[in-house]
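The chains referred to below are lettered A, B, ... by the order of the sequence lines, with proteins before strands, and numbering in each begins at 1. If you're wondering where the values come from, they're calculated on a predicted model, not measured in any experiment.
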Amino acid sequence: MMANGMDTVVQQNGGATLGQASQEESKTNLIVNYLPQSMTQDEIRSLFSSIGEVESCKLIRDKLTGQSLGYGFVNYHRPEDAEKAINTLNGLRLQNKTIKVSYARPSSEAIKGANLYVSGLPKNMTQQDLENLFSPYGRIITSRILCDNITVRQFVTGGGDYLPGLSKGVGFIRFDQRVEAERAIQELNGTIPKGSSEPITVKFANNPSNNNKAIPPLAYLAPQATRRYGGPIHHPTGRFRYSPLAGDLLANSMLPGNAMNGSGWCIFVYNLAPETEENVLWQLFGPFGAVQSVKVIRDLQTNKCKGFGFVTMTNYDEAVVAIQSLNGYTLGNRVLQVSFKTNKSKAA
DNA sequence: CGACGGGACGC
DNA sequence: CGACGGGACGC
């Protein structure tokens, strides 16, 4: 739904901003949203360095707890790398998130506090309807309608996405400028959308940093009892293990000692096409859990992939699921072989 | 059929 | 009735 559709980021601040000395919007600076909670700054840098040389990378964290706020900034040296990052990384699925990559707007006071909370929407109002209602008042950065059903999140490649759950009649609209949001409140709060019978409420949304619902001291409770893994891909159905316990895998010598290097589990991926780039490995493994780094091994002369690569994942359980799911997976016209790394090498 | 980088003593 | 996202502009 949000991966490809509404993310039109056309940088155009027509001078409405106050005089922050020549705010040429950077063509190298990106904002990355909807990052997985566990993703570190180094992992973000690793991901974006697969596109080109990164000038700087910053993950925004809560100043008190240090917890990731789920977004960050990546600045490239070259504008073409930033553009490529948007084209290849926007919409990438990492763990239970779909990241968004877009140009960062110039930092300014005028863009803060431009998020609106809207309630009383007709249940049949779509996201597009909502945007149409608010677009006369300014440039919409994001929009969203809350739904009841959270579990069904299917992607339909090709655009025709359908609504998984019923609308709660509540949504959000983030404008580019606060003044735009203010005007939308004045013009739309208390009005009745055509086709509806009740008035809508339009007001500023709560500040995310303030809605701390009680103190969650139980940070050590079953971190991920159940996580839904859904690869971007249709998993190979033929090779399917019933109850693959970790113990079995260990017993089957699927766990060579050097697969684990300090932090993380190194996975060997074989039968990659010569043109394979790093983002392919991110796409393959990202949905299964925390990925620390990926590497495509290339021939030094031709710069083509030598047919294999490595992926380091943080958690053993997630690595096991990724291996089971991707080993035997057909990528293009090649059947991948995926396993924990061994210590084979020319020197061994 | 082929098959397991590369960089690395670090405040 | 109220409802607060997938922590969105440098924490």
Expressed in angstrom and rounded to an integer, what is the separation of A:I60 atom CD1 from C:dG10 atom C1'?
4 Å
Classified by glycosidic angle (syn within 90° of 0, else anti), B:dG2 comes out syn
SB check A:K168 A:D148 (cutoff 4.0 Å):
no
Among C:dA8, B:dG5, B:dG2, the nucleotide that comes nearest once only the side chain of A:K341 is considered
B:dG5
One thing to verify: whether A:R78 and A:E55 come together as a salt bridge, which I'm taking to mean a side-chain N less than 4.0 angstrom from a carboxylate O.
no
Between A:F73 and C:dG10, do the rings stack, that is, sit under 5.5 Å apart with planes less than 30° off each other?
yes
Which is true for A:G120 with a 4.0 Å heavy-atom rule: it touches a base, it touches only sugar-phosphate, or it touches nothing?
base
Would you call B:dG10 syn or anti, using the 90° rule around 0?
syn
Here's a test of your reading of the structure: between A:L300 and A:N271, which maps to the more 5' nucleotide of DNA chain B?
A:N271
Verify stack between A:F308 ring and B:dA3 base, 5.5 Å, 30 degrees
no
Geometric cation-pi criterion A:R183 and A:F175, 6.0 Å radius, 45° cone
no
Is it the case that B:dA3 (base atoms only) and A:K306 (side chain only) share a donor and an acceptor within less than 3.5 Å, ignoring hydrogens and angles?
no
Between A:R178 and A:E182, is there a salt bridge with N-O shorter than 4.0 Å?
yes
A:T342 vs B:dC4: side-chain N/O to OP1/OP2 distance below 4.0 Å:
no
Classify the side chain of A:N206 versus the base of C:dG7 as yes if they form a donor-acceptor pair under 3.5 Å and no if they do not.
no
Selected nucleotide, minimal atom distance to A:K112 side chain, candidates C:dC4, B:dC4, C:dG10
C:dG10
Rounded to whole angstrom units, what separation is found between the CD1 atom of A:I297 and the C1' atom of B:dG2?
16 Å
Among side-chain atoms of A:D129 and A:T126, is any donor-acceptor pair under 3.5 angstrom?
yes
Could you check whether A:Y71 and the base of C:dA8 form a stacked pair, meaning centres closer than 5.5 Å and planes differing by less than 30°?
no
Value in whole Å for how far the P atom of C:dC9 lies from OH of A:Y34:
10 Å
Mind calculating the distance between CG (A:N327) and C1' (B:dA3) to the nearest angstrom?
13 Å
Nearest heavy atom decides the nucleotide; on that basis, is A:L116 or A:V74 closer to the 5' end of DNA chain C?
A:L116
Taking the side chain of A:S107 as its heavy atoms from C-beta onward, which of B:dC4, C:dG7, C:dC9 lies nearest to it?
C:dC9
A:F268 and A:Y270 aromatic ring geometry - parallel, tilted or perpendicular at 30°/60° bounds
parallel
Could you tell me whether A:T201 contacts a base, only the sugar-phosphate backbone, or nothing, with contacts defined as non-hydrogen atoms closer than 4.0 Å?
nothing
Quick one: A:L59 CG to C:dC11 P, roughly how many Å, whole number?
12 Å
Name the nucleic acid region contacted by A:L146, choosing base, sugar-phosphate or nothing; use a 4.0 angstrom heavy-atom cut-off, strictly under.
sugar-phosphate
Side chain of A:Q37 (C-beta onward), nearest among C:dG7, C:dC4, C:dA8:
C:dG7
Among C:dG10, C:dA8, C:dG7, which nucleotide has an atom closest to any side-chain atom of A:K58?
C:dG10
Just to confirm, is there a sub-4.0 Å distance from OP1 or OP2 of B:dC4 to any side-chain nitrogen or oxygen of A:K295?
no
What's the closest nucleotide to the side chain of A:A205 if the choices are C:dG7, B:dG5, C:dC4?
C:dC4
OP1 or OP2 of C:dG10 less than 4.0 angstrom from a side-chain nitrogen or oxygen of A:K63, does that happen here?
no
Take the protein atom CD1 of A:I111 and the nucleotide atom C1' of C:dG10, then report the distance between them rounded to whole Å.
10 Å
Which one, C:dC9, B:dC4, C:dA3, comes nearest to the side chain of A:R105?
C:dC9
Please report, rounded to the nearest Å, how far the C1' atom of C:dG10 is from the CG atom of A:D62.
14 Å
Base, sugar-phosphate, or nothing for A:D299, non-hydrogen atoms under 4.0 angstrom?
nothing
Distance check needed: B:dC4 C1' versus A:L281 CG, whole Å only.
14 Å
Side-chain ion pair, A:R298 and A:E277, N-O less than 4.0 Å
no
